[in-house]
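Side chains included, hydrogens not; waters and symmetry mates left out as well; all remaining heavy atoms used. Please read all numbers here as calculations on a predicted model, not as lab measurements. Within every chain, numbering begins at 1; the chains are lettered A, B, ... in the order of the sequence lines, protein sequences first and strands thereafter.
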Amino acid sequence: MPRLRLTGKALRNIGYPEGPAISVAITAMEKQFRHHSEEAALDILKQVLLDPMAYLADDGLRKVAGKLMETKEEEDIPLKEIPVPYEIYGAGFIETGALQQMNNAVRLPVAVAGALMPDAHHGYGLPIGGVLATHNAVIPYGVGVDIGCRMCLSILDLPVVSLERHAAKFKRELVTQTEFGAGATWVGKTEDAVLEHALFREIPMLRHLHKKAVEQLGTSGSGNHFVEWGIVQITGTNEFNLPAGTYVGLLSHSGSRGLGAQIAAHYTRLARELCQLPRMAQHFAWLELDKEAGQEYWAAMNLAGDYASACHNQIHRRLIKAMDARLLARVENHHNFAWKEIHNGQEVIVHRKGATPAGKGVLGIIPGSMTAPGYIVRGRGEAASLHSASHGAGRAMSRFNAAQSISQYELNKYLKEQGVILVGGGPDEAPMAYKNINEVMAAQSSLVDVIGRFQPRIVRMADDGGKED
DNA sequence: ATGTGC
């Protein structure tokens, strides 16, 4: 006889509020309704949700009903009648789903300002490419599940011709010195100051995550994460004092791995318990920064950011050493994070979820696709964008649609035409699944100045499906 | 994004 297994997600889908009712309901159903199908069990739970009062005398469901009644007494926090106006860059090619999400975000009572970047697309909570400034509030889903996800570019002293002449060695080291996919670990010697952070001892949840953090340090994730060799073209004056010309570059994109994912999950749950919003806005649940939970998330988020940086650092260090190269310059920036910044004379919390910081003079790197160039940019400090720019070209096709409509054959053929070697990856990350980076850059010419380009040549990603075998 | 929730 199959045993009933319910998930919190399934309960949320039928409208169960974040909080104790979910776990109480799962326990009650799995214990006393274990021979029911999931569908039948959810039907029962729906009835309880509609009229908990009627179930207060029911032996099996009394506890669930009780928890629901407690939760019901708390009123949802109302949204603003008049949304905060926000600037949209590249409005012509932003999908409506992303606009709707942003329109909800700027109705939060804590919202102060917002902006939407030209690579925006539908996400969880805040759209990818969404920027939101709030007062005294941090929204875990405004940062995103991959806290501190970032770009890192190393410009090296190797001759550019070596990239073609010794392509096999570059490729071999790219494979040997990286590890990709969910659960990926690095078994070599990994020491890093970030692993000694006091927070790993101070917060119980982080104590449990320390082992995972040690094991995963210096690895890359799945999906759109990559490590690649390519050609950097420095086009004009730059803060690295590099002569204009071409260089070998190493570019990586990844985040805070399991550590950040668990931090995000934990504090998202906590926020949804502490901050009950109308259903359409539930993902925007925030934590107040003058309260303990908010401060704890802030500290943990910053640790995840440092950890993401350390991961890139390890990867670059290994590869630079393996190629016997020297580092000439580095550009690095988060694009899933929250910062305390002053805008309009007021300290606000700026959430950038898939958006590159672009304060005046701030350097960043905006990748294109595995065949299209990425851009090294210098922020112009545009107030209307909240000192932000896009974090890439943005998807033109969902991962699912891309996997359905682009064949591996078609991808291989295109890569060959473009002279790009790919290890791992798959149609869901094909260049055709992304917007035209040049159009996206044109839509944000008021936000950043371009000081260089990066053309990918040898790209490493997680194998299709996310896991390394 | 992540070894995929109590």
Flag the pair Glu341(A) and Arg352(A) as a salt bridge only when some basic side-chain nitrogen lies within less than 4.0 angstrom of an acidic carboxylate oxygen. yes

Grab the CG-P distance between Asp146(A) and dT4(B) for me, whole Å please. 16 Å

Sugar-phosphate only, base, or nothing, as touched by Lys353(A) at under 4.0 Å among non-hydrogen atoms: nothing

With a cut-off of less than 4.0 Å, is there a side-chain N or O of Asn224(A) near OP1 or OP2 of dA1(B)? yes

His334(A) atom NE2 is separated from dA1(B) atom P, nearest whole Å, by 17 Å

May I have the distance from Lys63(A) (atom NZ) to dC6(B) (atom P), rounded to whole angstrom? 19 Å

Are Glu215(A) and Lys211(A) close enough for a salt bridge, meaning some N to O gap below 4.0 Å? yes

Using the six-membered ring wherever Trp is involved, compare the ring planes of Phe337(A) and Trp339(A) and label them parallel, tilted or perpendicular (cut-offs 30° and 60°). perpendicular

Please say whether the positively charged group of Arg395(A), taken as NZ for Lys or CZ for Arg, lies over the ring of Tyr434(A), i.e. under 6.0 angstrom from the six-membered ring centre and within 45 degrees of the axis. yes

Measure CE/Met29(A) against P/dC6(B) and give the value in whole Å, please. 18 Å

Whole-Å distance separating the CE atom of Met205(A) from the P atom of dT2(B): 17 Å

Okay, side chain of Arg460(A), backbone of Phe180(A): is any donor-acceptor separation there less than 3.5 Å? no

What's the NZ-C1' distance between Lys9(A) and dT4(B), to the nearest Å? 9 Å

Between dC6(B) atom P and Lys31(A) atom NZ, what is the distance in whole Å? 17 Å

CD of Glu429(A) versus C1' of dA1(B): gap in Å, rounded? 12 Å

Please list, by residue number, the residues of residues 120-130 of chain A whose heavy atoms come closer than 4.0 Å to an atom of DNA chain B; answer none if no residue qualifies. none

Strand-adjacent residues in residues 253-273 of chain A, judged by heavy atoms under 4.0 Å from DNA chain B: Arg257(A), Gly258(A), Ala261(A), Arg269(A)

Quick one: does any side-chain atom of Tyr16(A) pair with a main-chain N or O of Leu45(A) as donor and acceptor, under 3.5 Å? yes

Classify Gln216(A) by what it touches in the nucleic acid, base, sugar-phosphate, or nothing, heavy-atom distance under 4.0 Å. sugar-phosphate

Can you say whether the rings of His316(A) and His312(A) are parallel (under 30°), tilted (30 to 60°) or perpendicular (over 60°)? tilted

Return yes when atom NE2 of His135(A) has more than 12 non-hydrogen atoms of other residues, nucleotides or ligands closer than 6.0 Å, and no otherwise. no

Only residue of Ser385(A), Ser390(A), Ser388(A) satisfying side chain to side chain donor-acceptor pair (under 3.5 Å) with Gln444(A) is Ser390(A)

